[in-house]
There are 2 protein chains.
Amino acid sequence: MATLDAIFEATIQLLLRDGPHRLTTTRVAERAGVSVGTMYQYFPHKKALIYALNERYLDALGDRIEAACRAHHGAPVDRMIDTLIDTYWRAKTGRADVTRALYRSVVEMDNEALIEVFASRADAACAAMFASAPDMTVADLKRFNLTLLTVIFGTVRNAFERNLSPNEAEELRGELAMMCKAYVRTRMIPHNQQ
Amino acid sequence: MATLDAIFEATIQLLLRDGPHRLTTTRVAERAGVSVGTMYQYFPHKKALIYALNERYLDALGDRIEAACRAHHGAPVDRMIDTLIDTYWRAKTGRADVTRALYRSVVEMDNEALIEVFASRADAACAAMFASAPDMTVADLKRFNLTLLTVIFGTVRNAFERNLSPNEAEELRGELAMMCKAYVRTRMIPHNQQ
DNA sequence: CCTCAAACTGAATGATCCTTCATATATTTA
DNA sequence: TAAATATATGAAGGATCATTCAGTTTGAGG
């Protein structure tokens, strides 16, 4: 619905421009071009609005990651790593404003549940993907998976919060990929590869 | 001063127990065992209180990192990496409550300046340390340094926000160290080592 | 054109909160 | 001890905000 989208967009913009403690129901409504009452027809609380915003975003992010993982079943591990980094990085920087706004809104409420759900989805999707790699020979796949996800997600977030120049960001991304691949090689039991 | 410490402690406890949007000057004063007026003798705003809290923490963290770096001048690179991870990890998990409370308070204000200062300190200290390693042969030290810091700090934070079991956390820490060292080996121009 | 329901409106309400300041208490100085 | 200075108090002012609801607008169906 157009009204709903307008409300979400307004929320994001205000979150970005003024920060979370200036995020007023009145202001959101005003910027969205509707009245406060209308907002309360879609969301019972202000919290519900922010919750819905995060849910929307994390669902979409989960979808993208699952799709990327599914699309690379059976690929070589190195390729999987490139994909994972690329997907996550692009999701974050593609609409950097949304990412930033949501990072800021996270504190407002108990969204640990949402994050938990997202983490589980990503965990499962990636574990399945890695398990399908023909050249995969790591002993403890669960540990391997947890490590990669934590490092990649954490690094991207941290990179995102420091104000890196596009150049630095691009470099960092390449280094991160290299690092993950080096880790894989450390963790792999030698088999009979090139 | 005792009063100041009481106020800081009260702030941390309330931040943890009730979250940032329940952090009231009145409540902080009450829990600290002083009156609101007293608080305003130490801090002109509520923002100033939170700012001071973050400043305090980041200064201390910067001190620890600088000390660790200084103490390992001339050590082998692998040892430096262990030290860096260990120092940061311990600082975060040592008083996990404080860490968590501050992560939550960050949103309240423009503390980008504080973070910037901290990042610069850490950058400089680590760069100097790495440059002093006898076995250091990476071409682009700046890039190397940025990568390591971003990955380590980002991973630790991310690990901290997911509710990992102590076991998982410990495992992850080990894997992170291994990963960083593997990266170093990738980045080093072969010389004449073992 | 009329009817009815769905969607929208925004002033009013009640609650919460930051900040101030006139006053009181403690501590130091003379 | 008395005056002066520093520190502490907390009720009250003034502002902001989430939420409500009585009434208005819109638009589809007859």
Side-chain angles (χ1 to χ4, degrees), chain A residues 1-57 101-114, chain B residues 1-56 101-111 113-114:
Chain A
M1 183 159 307
T3 305
L4 253 186
D5 283 335
I7 291 175
F8 280 133
E9 256 308 300
T11 307
I12 289 171
Q13 286 177 21
L14 286 180
L15 226 30
L16 258 182
R17 188 178 314 285
D18 305 332
H21 67 286
R22 292 272 167 79
L23 191 76
T24 319
T25 49
T26 313
R27 265 192 274 262
V28 169
E30 187 187 29
R31 188 171 203 92
V34 299
S35 83
V36 215
T38 300
M39 266 200 46
Y40 277 84
Q41 224 143 6
Y42 292 94
F43 307 100
H45 319 296
K46 188 186 162 193
K47 275 180 76 169
L49 165 64
I50 301 178
Y51 187 90
L53 195 67
N54 279 275
E55 191 177 32
R56 224 184 188 217
Y57 176 76
L102 291 186
Y103 276 158
R104 284 178 149 217
S105 81
V106 164
V107 185
E108 290 287 321
M109 30 151 276
D110 154 55
N111 56 2
E112 284 184 18
L114 283 179
Chain B
M1 182 160 306
T3 306
L4 253 186
D5 284 334
I7 291 175
F8 280 134
E9 257 307 302
T11 307
I12 290 171
Q13 287 178 20
L14 286 180
L15 226 30
L16 260 181
R17 187 177 315 283
D18 305 331
H21 67 286
R22 293 273 167 80
L23 191 77
T24 330
T25 49
T26 312
R27 267 192 274 260
V28 170
E30 187 187 30
R31 189 172 201 89
V34 298
S35 82
V36 214
T38 300
M39 266 199 45
Y40 277 83
Q41 223 143 5
Y42 292 94
F43 307 99
H45 318 296
K46 187 187 161 192
K47 276 180 75 169
L49 164 64
I50 300 177
Y51 187 89
L53 196 67
N54 279 274
E55 192 177 30
R56 225 185 188 215
L102 290 186
Y103 276 156
R104 285 179 147 215
S105 82
V106 164
V107 185
E108 291 287 321
M109 30 152 276
D110 153 56
N111 55 2
L114 282 179

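Reminder, nothing fancy here: chain letters follow the sequence lines and each chain counts from 1. Values below: all heavy atoms of this structure, side chains included; hydrogens, waters and symmetry mates excluded.
Residues forming a side-chain contact (heavy atoms from CB on, under 4.5 Å) with B:E55 (at least two apart in sequence, or on another chain): B:Y51, B:D59, B:L114. In this structure, the side-chain contact (heavy atoms from CB on, under 4.5 Å) partners of B:L4, at least two apart in sequence or on a different chain, are B:M1, B:F8, B:Y42, B:F43.
For the pair B:Y42 and D:dT7, the criterion of a side-chain N or O lying under 4.0 Å from OP1 or OP2 is not met. Under 4.0 angstrom from either OP1 or OP2 of D:dA18 there lies at least one side-chain N or O belonging to A:T25. Phosphate contact (OP1/OP2 of D:dA8, side-chain N/O of B:T3, threshold under 4.0 Å): present. OP1 or OP2 of D:dC17 sits under 4.0 Å from a side-chain N or O of A:R27. Proximity of B:S35 to the phosphate of D:dG10: no side-chain N or O atom is located under 4.0 Å from OP1 or OP2.
Note on A:T24: only backbone sugar-phosphate atoms sit closer than 4.0 angstrom, heavy atoms only; bases stay farther off. Within 4.0 Å (heavy atoms only), B:L49 reaches no atom of the nucleic acid at all.
In this structure, the nucleotide among C:dA11, C:dT9, D:dT9 sitting nearest to the side chain of A:V36 is C:dA11.
In this entry the distance linking NE2 of A:H21 with P of C:dT16 reads 21 Å, nearest Å. Counting to the nearest Å, the C1' atom of D:dA18 and the CZ atom of A:R22 are 17 Å from each other. Atom OH of B:Y40 and atom P of C:dT19 are 4 Å apart (whole Å). Between the P atom of D:dT20 and the CZ atom of A:F43 lies a distance of 15 Å, rounded to the nearest Å. Taking atom CE of residue A:M39 and atom P of nucleotide D:dT19, one finds them 9 Å apart after rounding to whole Å. B:K47 places its NZ atom 14 Å from the P atom of C:dC18, with the value rounded to the nearest Å. As a whole-Å value, the separation of A:L23 CG from D:dT19 C1' is 15 Å. Taking atom CG on B:L4 and atom P on D:dA8, their separation rounds to 10 Å, with Å as the unit.
Using a distance-only test at 3.5 Å, with no hydrogens or angles considered, no donor-acceptor pair links the side chain of B:T38 to the main chain of B:V36.
Here the straight-line distance linking atom CG of B:L23 with atom CD1 of B:I12 works out to 11.0 Å at 0.5 Å rounding.
Across A:L15 and A:P20, no two heavy atoms sit closer than the pair CD1-CA, 3.7 Å.
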